[in-house]
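The block underneath contains the structure these notes are about, expressed in structure tokens.
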2 protein chains.
Amino acid sequence: MSLASDRAKPRATEKPTLYKRIRLDIETRILTGEWPPGHRIPFEHELMARYRCSRMTVNKALSELAQADLIERRRRAGSFVRRPQHMSAVLKIADIRAEITALGRAYGYQLIDCRRRTATSADRARLGVSTAGKVIAIACRHSADDVPFAVEDRLIDLSTVPEAATADFAREPPGSWLLHHVPWTEAEHTISAVVADDRTAEALDIAVGAPCLVIDRYTWRSARTVTAVRLHYPGETHRLVARFKGG
Amino acid sequence: MSLASDRAKPRATEKPTLYKRIRLDIETRILTGEWPPGHRIPFEHELMARYRCSRMTVNKALSELAQADLIERRRRAGSFVRRPQHMSAVLKIADIRAEITALGRAYGYQLIDCRRRTATSADRARLGVSTAGKVIAIACRHSADDVPFAVEDRLIDLSTVPEAATADFAREPPGSWLLHHVPWTEAEHTISAVVADDRTAEALDIAVGAPCLVIDRYTWRSARTVTAVRLHYPGETHRLVARFKGG
DNA sequence: CACGATTATATGTCTAGACATATAAGTCAA
DNA sequence: TTGACTTATATGTCTAGACATATAATCGTG
């Protein structure tokens, strides 16, 4: 396990433009605690006067801080320092086929099981819906260069995505199909660790009891549940890499 | 394990503005693989014509995509789809003490081991530095309501943070101390899954062979390595939750 | 052909406006 | 007092320009 070797190096400092200077000024006050959580940041028109610039310039600085969740902006009220997030993550997960082909490896896909049924109570709990509509339950496996990459266990809500009934999941992975046919508006991920049970171990070709990284993802489209998926990755070989720029 | 119950519900749909629609359109094409890594995104003037809007509007969409590392923008050349880092995540992890107290649980801290030494070759590799300066190596444990929460294994580069030599890590957790004394500018996380070895199992009060979520974090301050830390969480009980807004 | 100078071009930043919209705060009536 | 209505205001988005700047591509020269 060589982590240090392929780690990216931080970039050099660059000449700051005005909006970056404004952003850094505010950021510094927040990080040093000079402006504690809840503190109201000067209004845009105050910053305009302070830095003698147009509103769009301070707006760009504040928008980026809001995007980074350092501040919260409320209409009519102003902008406020946010309480630091305890542990949160923003994941951007493209579909697995795209991920593997982007790595220059051969993508393989095997459908293990696919069945259509009226949602059981377990299905409804998993999808977070109360009415018992039809669902599709899929188990499948993704591989890279013929090595198992991840196993997928998915539930699709047919009342949200009726077109999924006609999709051929033996040919196309459900994740790819959904991304092409149902742009999501919101998603939630949960990352955890488990040890492989018999079925998972067999599908991933690892030992029973070997560590697995588990990602649960729930996807919504305009307040309607689209799909719930659980992915098992071999924990020894697969890693999630994250990088965060503070400056 | 009840995931569905405490899961946040999606908010209602909001009327999408033009720049958000542009951003989502491009994002969808990237995530589906329709525009693979390296693909050149239409120029701003092309998108202006396509969406019949001003340049600032498409610029805002592209700037946000660049900030999210989905695309790379190069002057004169254009904007290009970036190669995804298999899976990328942005983690914002405040210190564990704040995390536990925010959950309304009693924070406990035990220093297991703390020693100051000249960096060994292993230390240098881990910190990604070439010169052999002084380092502090710390092992400690965080608990919530007297239940082990995480074990920490940390290395601090004293040539970057000489003040750390005078800190009392028996009293204050190193993460909290660093957060208050050394604002970082850049950080990188790697998430993986392992099974507990003897030492970890004992410290976390779990069985040997039980799954653990591992977070490795490297922190820099303006191109200088600050600290490298590895955290083991009991995988059955601890989860990373992530939420991503697509709109 | 190799290499330096020039040019064209896409992005980076900024301005001085505009209207939209959510909402805190104030006003008034039941 | 409470609820409904109005108003003031800060942010959200957008425009049609401008100049700056990095750099790919071209051109010219030795």
Side-chain angles (χ1 to χ4, degrees), chain A residues 11-27 29-30 35 37-82 185-186 222-223 245 247, chain B residues 11-27 30 35 37-82 245-247:
Chain A
R11 72 199 185 309
T13 30
E14 58 196 41
K15 187 184 120 191
T17 55
L18 180 52
Y19 94 86
K20 280 183 183 163
R21 217 188 91 210
I22 300 173
R23 175 158 65 78
L24 188 62
D25 281 359
I26 296 171
E27 203 168 86
R29 284 176 158 86
I30 294 174
W35 288 351
H39 176 90
R40 211 209 74 226
I41 282 166
F43 294 130
E44 294 190 348
H45 65 82
E46 294 175 303
L47 292 169
M48 283 170 69
R50 167 90 178 67
Y51 290 95
R52 298 168 175 286
C53 64
S54 81
R55 205 186 129 218
M56 280 302 286
T57 301
V58 304
N59 184 280
K60 178 156 184 161
L62 293 179
S63 294
E64 289 196 2
L65 288 170
Q67 211 191 336
D69 263 344
L70 248 82
I71 67 171
E72 185 189 347
R73 312 200 71 197
R74 290 205 300 271
R75 275 182 153 122
R76 162 75 208 240
S79 303
F80 301 84
V81 178
R82 280 187 60 117
T185 57
E186 200 149 348
S222 8
K245 298 181 290 287
Chain B
R11 70 191 183 321
T13 23
E14 59 195 39
K15 192 183 108 190
T17 55
L18 181 52
Y19 95 85
K20 281 182 181 164
R21 216 189 92 209
I22 299 174
R23 175 159 62 79
L24 186 61
D25 281 359
I26 295 171
E27 201 168 270
I30 294 173
W35 287 351
H39 176 91
R40 211 209 72 227
I41 282 168
F43 295 130
E44 294 189 350
H45 65 82
E46 293 175 303
L47 292 169
M48 283 170 69
R50 165 92 177 68
Y51 290 96
R52 298 169 174 283
C53 63
S54 82
R55 203 183 131 218
M56 280 302 287
T57 302
V58 304
N59 185 280
K60 178 156 185 166
L62 293 179
S63 294
E64 289 195 3
L65 289 170
Q67 210 190 337
D69 263 345
L70 243 79
I71 66 170
E72 186 189 348
R73 312 200 73 197
R74 290 205 300 271
R75 275 181 154 127
R76 163 73 210 240
S79 303
F80 301 84
V81 177
R82 281 187 60 114
K245 297 180 293 287

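In what follows, chains are A, B, ... by sequence order, proteins preceding strands, each numbered from 1.
At a threshold of 4.5 Å between non-hydrogen side-chain atoms, the residues Ile26(B) and Leu70(B) do not count as touching. Lys20(A) places none of its side-chain heavy atoms less than 4.5 Å from the side chain of Leu24(A). Put simply, the side chain of Pro42(A) reaches to within 4.5 Å of the side chain of Trp35(A), judged on heavy atoms. Between Glu44(A) and Ser79(A) the shortest side-chain heavy-atom distance does not fall below 4.5 Å. Side chains of Leu18(B) and Arg52(B) form no contact here, defined as non-hydrogen atoms less than 4.5 Å apart. For the pair Arg29(A) and His39(A), the minimum side-chain heavy-atom distance is 4.5 Å or more.
Distance, Arg21(B) CZ to dT13(D) P: 15 Å, rounded to whole Å. The CG atom of Leu65(A) sits 16 Å away from the C1' atom of dG12(D) (whole-angstrom rounding). When the P atom of dT15(C) is taken as reference, atom OH of Tyr51(A) falls 14 Å away, rounded to whole Å. Nucleotide dA22(D) holds its C1' atom 14 Å from the CD atom of Glu72(B), rounded to whole Å. dT13(C) atom P lies 9 Å from atom CZ of Arg23(A), rounded to whole Å. Whole-Å rounding puts the Met56(A) CE to dT13(C) P distance at 12 Å. The nearest whole Å value for the distance from the CD1 atom in Ile22(A) to the P atom in dT13(C) is 12 Å. Separating the CD atom of Glu64(B) from the C1' atom of dT13(C) is a distance of 16 Å, rounded to the nearest angstrom.
Contact check, Ser54(B) against dC14(D): no side-chain N or O comes under 4.0 Å of OP1 or OP2. Phosphate contact (OP1/OP2 of dT15(C), side-chain N/O of Thr57(A), threshold under 4.0 Å): present. In this structure, Lys60(A) reaches the dT13(C) phosphate: one of its side-chain N or O atoms is under 4.0 Å from OP1 or OP2. Contact annotation: Lys20(B) side-chain N/O to dT13(D) OP1/OP2 distance is under 4.0 Å.
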| field | Summary of protein contacts for nucleotides 6-11 of chain C, nucleotide by nucleotide, where a base hit scores B, a sugar-phosphate-only hit scores S (4.0 Å, heavy atoms) | value | --BBBB

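Residue Asp25(A) holds its CG atom at 11.0 Å from CD1 of Ile30(A), rounded to the nearest 0.5 Å.
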